Amino acid sequence: MEAKSRWKGFVLVILGAFFWGVGGTVAQRLFQKDQIPVEWLVSVRLVLAGLIMIFIAMFTSSRNRTFRIWTHKKAAAQLIIFGVFGMLAVQFTYMASINDGNAAVATLLQYLAPVYIIIYLAMTKANRLKKNDLIAVCLAIIGTFLLLTNGSLQELSVPFSAVIWGFLSGIALMFYTLYANPLLQKWGSLNVIGWAMIVGGAALGLFYPPWNIDMSGWTGETVFFLIFVILFGTMFSFWFYLESLKYLYPQETSLLGSVEPLAAIVTSVVWLHIPFGLYQVMGTALILVMVVVVSMPEKKQAVQAVH
């Protein structure tokens, strides 16, 4: 790979991860200060971001496949499954974890998805457990314990419901990662991700209509943060990450993607003044080391994913 192209890849993946991490913190601010319902935000951000991505796809090399995917019954069915049980499940559980807890812990819990993938592939005998896998699992267990307890067994650092949503988010991301790959390769990332967002957002909108929202208390700041979450925290974060894969090796994108939880932690602590103890910092470090371990070049299974 040319040095110039690789630098472009580095910038794209770091920006994408940074936007996703900060987007989680901004969403937390919308939940807590503006009382924006989780269901409304997830539905609206998915549909609008998905429409923008499909619009962009129509002007790229994959434009011939943008609408043709719906003419193939198998692909259309897979896309609907991915949109509901992959895209929507990941987005909703992640945002619910933020709403009940905070963006820093929610992001780190979602980052356990590679460990779930390792365990799943070992249980299904698709891959044999290796030394790095066992190290990664141990790091994840110890790191998660420190993150959630802050060294004290008396109480959790976030509500139990936030922990459950966070674990479910990691499991949903596991399904998202394993299920999406064939679709992405055949139909193009912009098309698959864009349509999946629209499908997932529309499915949630059937139960929580997006027009049923009280805007009387909204301010200019509220609107600005909503736009940020939709454009930067969703659309650009996905798009930049996907584009970076053209210029970097998969393990490099996984490692540089660690900017995401760091961005969520720093912005949560500095901007929203979320308490983050020493043991939680140690737990965070162990989880990030786990990401490094599972991203080692000798790994054959793909454990990186886009949120």
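Small disclaimer: the values here were computed from a predicted structure and weren't measured.
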Please report the closest heavy-atom contact between P159 and G101, naming both atoms and the distance. CD-CA, 4.2 Å
With a sphere of 6.0 Å drawn around CZ of F85, does it hold more than 12 non-hydrogen atoms of other residues, nucleotides or ligands? no
What pair of heavy atoms forms the shortest contact from Y247 to R6, and how long is it? O-CG, 3.8 Å
Inspect the surroundings of CZ in F18 and state if more than 12 heavy atoms from other residues, nucleotides or ligands are less than 6.0 Å away. no
Atom of V84, atom of A203 and distance for their closest heavy-atom approach: CG2-CB, 4.2 Å
Within a radius of less than 6.0 Å around CE of M123, do more than 12 heavy atoms belonging to other residues, nucleotides or ligands occur? no
Who are the ring pair (Phe, Tyr, Trp, His ring centres under 6.0 Å) partners of F236, not counting sequence neighbours? F232, F240
Please list all pairs meeting salt bridge (Lys or Arg N to Asp or Glu O under 4.0 Å) that have one or both residues in residues 11-30, counting only residues at least two apart or in different chains. R29-D34, R29-E221
Can you list every ring pair (Phe, Tyr, Trp, His ring centres under 6.0 Å) pair that touches residues 129-165, not counting sequence neighbours? F92-W165
I230 and A49 have their tightest heavy-atom pair at O-CB, 3.9 Å
For S244, give me all partners under side-chain hydrogen bond (donor to acceptor under 3.5 Å, both in side chains), at least two apart in sequence or on another chain. none
Would you say F224 and T219 make side-chain contact, with heavy atoms under 4.5 Å? no
Kindly indicate whether the side chain of P261, heavy atoms from C-beta on, has any atom under 4.5 Å from the side chain of T284. no
Any chain of hydrophobic side-chain contacts (each under 4.5 Å) joining V22 to V270? no
Membership question, hydrophobic clusters at under 4.5 Å side-chain separation (ILVMFWY): are L288 and I118 in the same one? no
Contacts of D100 meeting salt bridge (Lys or Arg N to Asp or Glu O under 4.0 Å) (sequence neighbours excluded), chain-then-number -> none
Would you mind reporting whether V42 and V38 have side-chain heavy atoms less than 4.5 Å apart? yes
Separation between SG of C138 and CG of L286, rounded to the nearest 0.5 Å: 11.0 Å
Kindly determine whether V26 and Q28 satisfy side chain to side chain contact (heavy atoms under 4.5 Å, CB included), including the steps that lead there. CA-CA 5 Å; V26 174; Q28 181 181 340; over 6 Å; no
Let me see the working for L46 and Q91 under side chain to side chain contact (heavy atoms under 4.5 Å, CB included), right down to the final yes or no. CA-CA 8 Å; L46 283 179; Q91 296 280 339; 3.6 Å; yes
Is there a side chain to side chain contact (heavy atoms under 4.5 Å, CB included) between M53 and W195 once you walk through the steps? CA-CA 8 Å; M53 293 189 79; W195 283 122; over 6 Å; no
What's the verdict on side chain to side chain contact (heavy atoms under 4.5 Å, CB included) for I213 and W218, showing C-alpha distance, side-chain angles and the deciding distance? CA-CA 11 Å; I213 182 71; W218 287 17; 3.9 Å; yes
Who are the salt bridge (Lys or Arg N to Asp or Glu O under 4.0 Å) partners of E243, not counting sequence neighbours? K246
Centre-to-centre under 6.0 Å for Y94 and W20, is that the case here? yes
Can you tell me which residue pairs pass the side-chain hydrogen bond (donor to acceptor under 3.5 Å, both in side chains) test with a partner in residues 225-234, sequence neighbours excluded? R45-T234
Rounded to the nearest 0.5 Å, how far does CH2 of W239 lie from CD1 of I52? 10.5 Å
Donor-acceptor under 3.5 Å (S268 side chain, A264 main chain): yes
Taking C-beta and beyond as the side chain, do V137 and D133 meet within less than 4.5 Å on heavy atoms? no
Could I get the full list of side-chain hydrogen bond (donor to acceptor under 3.5 Å, both in side chains) partners for T124, not counting sequence neighbours? none
Non-hydrogen atoms of A17 and G257 that approach each other most closely: CB-O, 3.8 Å
Any chance you could measure I141, atom CD1, to L146, atom CG, to the nearest 0.5 Å? 12.0 Å
Is it true that F225 and W271 have ring centroids separated by less than 6.0 Å? yes
Contact check, side chains of L272 and T267, non-hydrogen atoms, under 4.5 Å: no
Shared ILVMFWY cluster between Y120 and I117, side chains joined below 4.5 angstrom? yes
What are the two closest non-hydrogen atoms of A76 and W70, and how far apart are they? CB-CE3, 3.8 Å
Under the ring pair (Phe, Tyr, Trp, His ring centres under 6.0 Å) rule, collect the residues that match up with F10, sequence neighbours excluded. W7
Less than 4.5 Å apart, side chain to side chain, heavy atoms only: is that true for Y176 and L88? no
State the CG-CD1 distance between L109 and I287, to the nearest 0.5 angstrom. 7.0 Å
Here the gap from M235 atom CE to I56 atom CD1, rounded to the nearest 0.5 Å, amounts to 4.5 Å
Are M197 and I54 side-chain neighbours, meaning at least one heavy-atom pair lies under 4.5 Å? no
Quick one: does T93's side chain have a donor or acceptor within less than 3.5 Å of a partner on V90's backbone? yes
Show the atom names and distances, to 0.1 Å, of all donor-acceptor pairs under 3.5 Å that link a side chain in residues 274-282 to residues at least two apart or in another chain.
{"unit_1": "Q280", "atom_1": "OE1", "unit_2": "G277", "atom_2": "N", "d": "2.9"}
{"unit_1": "Q280", "atom_1": "NE2", "unit_2": "L147", "atom_2": "O", "d": "3.2"}
{"unit_1": "Q280", "atom_1": "NE2", "unit_2": "S157", "atom_2": "OG", "d": "3.2"}

side-chain hydrogen bond (donor to acceptor under 3.5 Å, both in side chains) filter on S152, not counting sequence neighbours, yields none
Please tabulate, one pair per line, all N/O donor-acceptor pairs under 3.5 Å involving side-chain atoms of residues 178-194, not counting sequence neighbours.
{"unit_1": "N191", "atom_1": "OD1", "unit_2": "T66", "atom_2": "OG1", "d": "3.0"}
{"unit_1": "N191", "atom_1": "ND2", "unit_2": "S62", "atom_2": "O", "d": "3.1"}
{"unit_1": "N191", "atom_1": "ND2", "unit_2": "W187", "atom_2": "O", "d": "3.0"}

In one Ile/Leu/Val/Met/Phe/Trp/Tyr side-chain cluster, 4.5 Å: F167, L139: yes
Taking C-beta and beyond as the side chain, do I98 and T25 meet within less than 4.5 Å on heavy atoms? no
Please tell me whether L262 and V294 are part of a single hydrophobic cluster in this structure, the criterion being side-chain heavy atoms less than 4.5 Å apart. no
Surrounding CD of E155 (heavy atoms of other residues, nucleotides or ligands, distance under 6.0 Å), is the total greater than 12? no
Distance check, rounded to the nearest 0.5 Å: L108 atom CG versus E260 atom CD? 9.0 Å
Do side-chain atoms of W40 reach the backbone of P210 as a donor and acceptor pair under 3.5 angstrom? yes
